[in-house]
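For reference, the structure is listed below as structure tokens.
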Amino acid sequence: MPDIRVTVDGVRYDDQVEARRLLVHHLRRLGKVGTPVGCDTSNCGACTVLMDGVSVKSCTVLAVQADGSRISTVEGMAADGAWHPLQTAFHRRHALQCGYCTPGMLMAASDLLQDNPDPTEAEVREGLEGNLCRCTGYANIVAAVLDAAAEMRADGPAAAQAPAGRTPVGGGAA
Ligand code: FES
Ligand code: FES
């Protein structure tokens with residue numbers, strides 16, 4: 001079985017994996033169960049994580065393809081006990097119902113706001129078009145992303161970079 005080395009939320013993991021294992025299943029085996037499997041067919045976006053700062057649906061990536069990469073999941077969003085502005089805005093706007101789509105929405109939104117810190121409502125909707133909410137909570141989700149964008153612009157570049165731009169802290173399995 002191939003050896004892979006992946007840094008997840010700042011912690012490095014060295015493992016042997018089956019060549020066919022999907023990244024989302026690998027993350028969950030590492031205990032990162034905050035990243036759910038929604039459909040397994042690349043449709044829902046619930047499994048979205050950042051791979052080297054870019055959002056990917058982790059059910060469409062083989063674990064071996066992530067070898068050497070830096071993965072950010074929803075579990076690494078909060079820093080030093082403080083929620084990311086997107087998490088705060090989702091809470092304030094009640095931008096979730098069952099919550100199943102929420103990790104993927106948060107990760108996709110963080111990628112969107114890195115690329116476009118001042119999106120229009122239409123741009124937020126386009127940026128999240130790969131993420132489905134079966135509870136149809138889109139209005140509040142879009143409002144929350146716009147709120148977070150405004151807050152992150154007011155807070156400056158440091159807020160805009162979290163979580164994808166955070167420096168890995170090392171440690172873990174290696
Ligand atoms: S579980 Fe990956 S897109 Fe649905
Ligand atoms: S909150 Fe239920 S799927 Fe989005």
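Counting starts at 1 for both ligands and their atoms, in listed order.
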Would you check if the side chain of [X] reaches a backbone N or O of [Y] as a donor-acceptor pair within less than 3.5 Å?
{"X": "Lys32", "Y": "Asp9", "result": "no"}
{"X": "Asp147", "Y": "Ala89", "result": "no"}
{"X": "Gln97", "Y": "Arg134", "result": "no"}
{"X": "Ser58", "Y": "Leu23", "result": "no"}

| Greater than 12 external heavy atoms within 6.0 Å of Arg92's CZ |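 For Arg92, atom CZ is crowded (more than 12 foreign heavy atoms under 6.0 Å).
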| task | Could you tally the protein N/O/S atoms lying less than 2.8 Å away from atom 4 (Fe) of ligand 2? | result |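 For atom 4 (Fe) of ligand 2, protein nitrogen, oxygen or sulfur atoms under 2.8 Å: 2.
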| If you measure from the Lys or Arg side-chain nitrogens to the Asp or Glu carboxylate oxygens, is any gap between Asp3 and Arg5 under 4.0 Å? |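 Arg5 and Asp3: not salt-bridged.
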| message | Taking Glu121 first and then Arg125, would you say they form a salt bridge - that is, a charged N and a carboxylate O separated by under 4.0 Å? | response | yes
| task | Keeping waters out of it, list the protein N, O or S atoms under 2.8 Å from atom 4 (Fe) of ligand 1. | result | Cys39 SG, Cys44 SG
| said: Once rounded to the nearest 0.5 Å, what's the spacing between atom SG of Cys133 and atom CG of Asn140? | reply: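 Output value for this atom pair is 9.5 Å.
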| task | Check step by step if side-chain contact (heavy atoms from CB on, under 4.5 Å) holds for Val37 and Arg28. | result | CA-CA 9 Å; Val37 182; Arg28 293 179 63 83; 4.0 Å; yes
